[in-house]
Amino acid sequence: MRRRHHAVVVPFPVQGHINPMMHLAKVLRSQGFIVTFIHTDHVHSRMLKLNSCSIGEEGIQFRHIPDGLPESDCRTDFAKLASATENTMPILLRNLIHEINERRDCPPVTFLVADFFAGWALDVAHHFNIPAAAFWPGLIATYAIIHHIPSLISKGVIPSNVVEIQLTVIGLTLLEHEQGQLSYVVNCIPKDRVMVKYLPSMPPLYTANLPWLIGNNADKEFRFQFWVRNMNRLRKLKWVLCNSFHDLELPILNMFPEEVGMCPIGPFISDLSREKTTNNQSLWREELECLDWLDMQSSKSVIYVSFGSIAILNERQLEELALGLETTKQPFLWVVRSDLMERKQAVFPSGFLKRVNTNKQGCIVSWAPQTSVLSHPSIACFITHCGWNSTMESITAGVPMLCWPYYADQFLNCAYIVHVWKIGLALNPNDRGLIEAEEIKTSVWRVTMGEECAEMKENVAKLKGSAMGAVKAGGSSYNTFNKFLQDMDMNTASDGLGSPCS
Ligand code: UDP
């Protein structure tokens, strides 16, 4: 007899975390779970404004609690949002679970899934003595770096003063990896930017591109401590669910001993039928008309451009991108969020909008139904900031990428796209950090028509096939998820939690 589980799902309150956790919530619901999905008041009210009647999903209850910031504050400062949520939400979530457990109209909470970025929620699960899983929202290789921070520090690969990493870390070579032991030769010649192969089977990464090295020193330090703190919480867990799949990251997955509990259960594929295109968990209004515009374009002709929900561009870069797209002479669909420019409206080069409208070359929207866009037959390539969701969505749709990483894990995602999976190219900035129009034009040509394009298309088509296979009955992700469900059932079977279903 299977128990009727009641799962509480806690995402970090930004778009790129809400989307995959919502997917996870739906999968749990499809397995007979009752699901309570936790939003912050801010996210909830933003969604209510966009979805006139409700933000409901059949079978999923939404509850919302304050994130600890005044409503007028903007939520783009990571350190501010992460500290506020961590300081404020645990006690509120505790109270909420107490309240749910006292109700007679639904079973008590038996299980909790916390975003890695909302690791504090695992402490709440511990308080109630219910089993919990973490959700890792990125590439498993990024997780591997964070997981290995203590050994990387002890071997001198990452200096203990993490903030000064660009000045102190040095060329080094990974020698071997045996039974989890890493061994490096460290050359102590300080350099500004060196490439380091941090773990076996991982492409080299600039030291400056480690995922916590963002912003000023205080930001870097905050992020580093945040990663370490949450990783320590996860070290005691049995399951780390991830939106990735076995064939995509096999060598890295093999590095983890079983007790780490990595469970790749992706890709999280949306239902792409037109009627269900709208993501009612969007924080921006989706402009569905762009799908009609795509219908009018030839097969595999359109460049799709999007930088996700957080990245911002400066004016000069926006101008160069606009000119680059125009000079490709290919149709393009470009997402220009209302907050893509810091505190300003986007200003396009003189005459640009008129020209691309008149010759019907471009469609500019403020938010697109991205998964439907990527699977549209007219899409040729994706200029992306390499956010993990966007990367997985592109792989699942079989679309090659032009990589424009912005920060955090996006550089490692880019390295995998370009050097490991060989399904895209990197856009290279000039020595002032600007990606020029000519670079954009040439790279679009290379990825869609150039010599290397056939190989990239073949590789991404193969990965798309593996992705689809992974989630089918009998596939690796399907099996991993079922094994996780069985384990979870066993973990709750004897502790009197939950109520049995008839
Ligand atoms: N997205 C969307 N419409 C857009 C741009 C992005 O629906 O116009 C979605 C995209 O499908 C993805 C998420 O927003 O699921 C962005 O997540 P990602 O990890 O790629 O980037 P982040 O926003 O976290 O930097």
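Read the numbers this way: they start at 1 and go in the same order the structure lists the ligands and their atoms. As the structure is a prediction and not an experimental result, all values here were calculated from the model.
- Contact between Thr371 and ligand 1 is absent, with no heavy atom of the residue lying under 4.0 Å from the ligand.
- Residue Ala368 holds the heavy atom nearest to atom 8 (O) of ligand 1 of all those in Ala368, Ala311, Gly387.
- Near Trp388, with a cut-off below 4.0 Å to any heavy atom, the atoms of ligand 1 are 19 (O).
- Here the CG-CD distance, from Leu321 to Glu439, works out to 12.0 Å after rounding to the nearest 0.5 Å.
- Considering backbone and side-chain atoms alike, Ser390 places an N or O below 3.5 Å from some N or O of ligand 1.
- With a 4.0 Å cut-off on non-hydrogen atoms, Asn389 touches ligand 1 through its backbone as well as its side chain.
- Ring geometry for His44 against His64 counts as parallel: the plane angle stays under 30°, on a 0 to 90° scale with 60° as the upper cut.
- Listed by number with element, the atoms of ligand 1 under 4.0 Å from a non-hydrogen atom of Ser309 are 22 (P), 23 (O).
- Using the six-membered ring where Trp is involved, Phe111 and Trp239 have ring planes that are perpendicular, over 60° apart on the 30 and 60° scheme.
- Using cut-offs of 30° and 60° on the angle between ring planes, the pair His148 and Phe256 is tilted.
- Checked by distance only, ligand 1 and Glu286 stay at 3.5 Å or farther apart across all their nitrogen or oxygen atoms.
- Using cut-offs of 30° and 60° for the angle between ring planes, the Phe332 and Trp334 rings count as perpendicular.
- In this structure, the side chains of Phe117 and Pro11 stay at 4.5 Å or more apart for every pair of heavy atoms.
- One finds the OG atom of Ser390 at 11.5 Å from the CE atom of Met392 (value rounded to the nearest 0.5 Å).
- Counting heavy atoms closer than 4.0 Å to ligand 1, residue His385 contributes side-chain atoms (C-beta onward) but none from N, CA, C or O.
- Set against the non-hydrogen atoms of Gly308, the atoms of ligand 1 under 4.0 Å away are 23 (O).
- Aromatic ring centroids of His39 and Phe62 lie under 6.0 Å apart.
- Across the listed options Glu393, His23, Gln410, Met392, Glu393 owns the non-hydrogen atom lying nearest to atom 12 (C) of ligand 1.
- Glu393 and Gln370 share a donor-acceptor pair across their side chains, judged by distance under 3.5 Å alone.
- Of all atoms in ligand 1, listed by their number and element, those nearer than 4.0 Å to a heavy atom of Ser306 are 5 (C).
- Under the 4.0 angstrom criterion for non-hydrogen atoms, His17 is not in contact with ligand 1.
- Close contacts of ligand 1 with Gly16, meaning ligand atoms under 4.0 Å from a residue heavy atom, involve 17 (O), 24 (O).
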